[in-house]
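Reminder, nothing fancy here: chain letters follow the sequence lines and each chain counts from 1.
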Amino acid sequence: MATRGHWLVKTEPGTYSIDDLERDGSTPWDGVRNYQARNFMRDGMKPGDRVLVYHSNAKPMGVYGLARVRDEAHPDELQFDPSSAYYDEDSDRDDPRWWCVDLEHVETFESPVSREAMKEEPALADMKLLERGMRLSVMPVEPHEFETVLRMARG
DNA sequence: GCCAACGTTGGC
DNA sequence: GCCAACGTTGGC
């Protein structure tokens, strides 16, 4: 049995928040238009993998909850929708450029684990999310970092 | 509001 | 193929 992956996704709560995910139950994590992030979703994420949900441009910034990967990656439908901001006229139905997974809500934390608190936590000193200039919106998380964030969320 | 860090685009 | 210009992300 392969070890499950651990991930983090960023979202701007004004666009789509953990509360939206809780309301929806699950959602395609679409609109991601970065090849590295796409590759993590398409090639890295497996059903059952757990995902930290991070709010950027929020007060406070931080991890607000937990989700789970529901399926293997599938083509992001928005790339075929001319009315979408994520429409990609160069993408071909037979060879789609953009892929996403569906994420399922697991838990909304009672109080978020703030970026500030994470930066003060020695166990998270090497966490990619906290690196300066890190813009990637889908990234792997080390298992011990993942568990540290969960422990912080649960006090 | 500012700006550093990147990714993408397009001229050459 | 190089690289300058531009646009976006996202922390501060």
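Ion pairing between a basic and an acidic side chain is recognised when a charged N comes within 4.0 Å of a carboxylate O; R151(A) and E145(A) show no such pairing.
Tracing side-chain contacts under 4.5 Å through hydrophobic residues (I, L, V, M, F, W, Y), one reaches L130(A) starting from F146(A); they form part of the same cluster.
Contact check of residues 118-133 of chain A against DNA chain C (heavy atom, cut-off under 4.0 Å) returns K119(A). For DNA chain C, the neighbouring residues in residues 56-65 of chain A, judged by any heavy atom under 4.0 Å, are S56(A), N57(A), M61(A).
A cation-pi arrangement, defined by a distance under 6.0 Å to the six-membered ring centre and an angle within 45 degrees of its axis, is present between R93(A) and F80(A).
Every salt bridge (Lys or Arg N to Asp or Glu O under 4.0 Å) that D20(A) has, sequence neighbours left out, goes to R23(A). For E89(A), the side chain to side chain contact (heavy atoms under 4.5 Å, CB included) partners at least two apart in sequence or on another chain are Y87(A).
If you measure from atom NZ of K10(A) to atom C1' of dT9(C), you get 8 Å, rounded to the nearest angstrom.
For residues 50-59 of chain A, the side chain to side chain donor-acceptor pair (under 3.5 Å) pairs, not counting sequence neighbours, are E12(A)-N57(A), R50(A)-E147(A), Y54(A)-R115(A).
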With 3.5 Å as the limit, what N/O pairs link the protein to nucleotides 3-8 of chain C?
{"from": "dT8(C)", "atom 1": "O2", "to": "R135(A)", "atom 2": "NH1", "distance (Å)": "2.5"}

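Residues D88(A) and R97(A) come closest through the heavy atom pair OD2-NH1, 3.0 Å.
Heavy-atom contacts from other residues, nucleotides or ligands closer than 6.0 Å to OH of Y86(A) number 12 or fewer. Within 6.0 Å of CG in D81(A) there are more than 12 heavy atoms belonging to other residues, nucleotides or ligands.
Side-chain contact check for H105(A) versus D24(A): every heavy-atom pair is 4.5 Å or farther apart.
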